[in-house]
Amino acid sequence: MLGNSIGDMVKCWEAMNNNLRLQLGNIRASFQKSFYEVENAHVSPFYGYLRGSVSRAALRRIAEELLRVDYVGTNRQICGCTLRTSYGLPCACELGRYRVGGIPIPIDVVHVHWRKLTMEVELEIGEDDGSEVDMTAAMDELWRRFRSLDVVGKRALRSRVCELAYPTMTTLCPPPEKIKTKGGVKKKGKKPADYDVYRDPSYHESYIEDVVNVESDGNCGFRVIASLHGYGEDGWSMVRRELGLELIDKDRSTLYDKLFSNRLSAVRESLMIESFGSQPPEKWMSLPDMGYLIANRYNVVLVCLGNPCITFFPMTSSHSPNVSIYCIGFVNQNHWVQVNMKEGFPLPPVTLDWKKFRSHIATTWMLGFAGRMQHWQLLTPVLA
């Protein structure tokens, strides 16, 4: 622009002004992307408090640092805390503590530099012109638009609003890695020994579409539930935490006191871990205990294909025709996998404790799925 002496000061000034405007436009565009666009690596609820509130550049650095957690754990000396001291972002040992606790990354641990997504000058303390923060007109317009839409449009708009109102909840996750099999995990052309999902190939292979494997580290059951729930496999620690919160939910504390009785503390302890790496058997996901918690916490139908095969309905809510059905399989007596079934597959029976302790309204679940459960009973002689 100023490479030669041709032209006057006015033309040079205009050229510089245009260049600055272009740069400002690019910066504002990047801010808008940070507000509204979510990269695939950041869809996990682990980033829920940060999405739309910090720059994507910061999220990328955090995602790269998260890869170090597997060998750093929560050890500050191994970590070195470079990202914290140099960039004001949570380092590997901090991220490790949040992951173990199943806690989303708090926004307060990100330096304010990364949280400023605007070019506007902030008002001085005590100064407020009202117009910049008043959302009345915008909310009125939102309601008008909502009422004018059809059912599909209303659902889409509601979904967008929920993403802003509840940033830690999301149904998005990267597609899971699938095992390329027909009906189950196969090893050198033969079914694995004691592979309970198979029980009777003539039955199960006609309903199983594929099986999705997860890492075998003692957290596999929670990894499967995290993947099914949209957290992604790495959201296993959040599932542990949420099931722990379910146990102390004030609306269902009496239910769990009766259901688990003197085993309540043991169930709670099985959900608590102190470090990464392989977990001992007492920390594995076990049924039927975890089945009740999962169905109640996420209001889903959980189906376990193993020995025995069990269905878990929510115990305090009524039947919903659009409920999600999570199907899992227990293989080799030591590993959980995700089992994707064909639409309308038969459902195995519920437990005696479910019938004993479920609320009256929960009976509607068995009524709503009566046909599919009867189908399973008809197949029982074949499976015996």
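Within the model, atoms CG of Asn340 and CD of Gln338 stand 4.5 Å from one another, a figure rounded to the nearest 0.5 Å. Between the CG atom in Leu259 and the CG atom in Leu293 there is a gap of 8.0 Å [rounded to 0.5 Å].
Checked against the 6.0 Å centroid criterion, the rings of Phe46 and Tyr98 do not qualify as a close aromatic pair. For Tyr87 and His111, the distance between ring centers is not under 6.0 angstrom. Between Trp354 and Tyr292, the gap from one ring centroid to the other reaches at least 6.0 Å.
Heavy atoms only, all atoms of each residue included: Cys81 and Arg76 are closest at SG-O, 4.3 Å.
Tested against Glu246 for a salt bridge (Lys or Arg N to Asp or Glu O under 4.0 Å), the candidates Arg252, Arg240, Arg241 yield a single pass: Arg252. Each of His375, Met341, Met373 was compared with Pro346 under the side-chain contact (heavy atoms from CB on, under 4.5 Å) criterion, and only His375 meets it.
Relative orientation of the Trp336 and Phe330 rings is tilted, given thresholds of 30° and 60° on the angle between their planes. Ring-plane geometry between Phe369 and Trp365 is classed as parallel, the angle between the planes falling under 30 degrees on a 0 to 90 degree scale with a further cut at 60.
Under 3.5 Å, the side chains of Asp217 and Ser278 contain no donor-acceptor pair of N or O atoms. Looking at Asp249 and Tyr256, their side chains never bring a donor and an acceptor atom within 3.5 Å of each other.
No more than 12 heavy-atom neighbours from other residues, nucleotides or ligands sit within 6.0 angstrom of CG on Leu352. When the shell of 6.0 Å around CD of Glu343 is examined, it contains 12 or fewer heavy atoms from other residues, nucleotides or ligands. The neighbour count for Glu274 CD, taken as heavy atoms of other residues, nucleotides or ligands under 6.0 Å away, does not exceed 12.
Under 4.0 Å is where a charged nitrogen must lie from a carboxylate oxygen, and between Glu233 and Arg223 at least one such pair does. With respect to the salt-bridge test (charged N to carboxylate O, under 4.0 angstrom), the residues Arg97 and Glu94 do not qualify.
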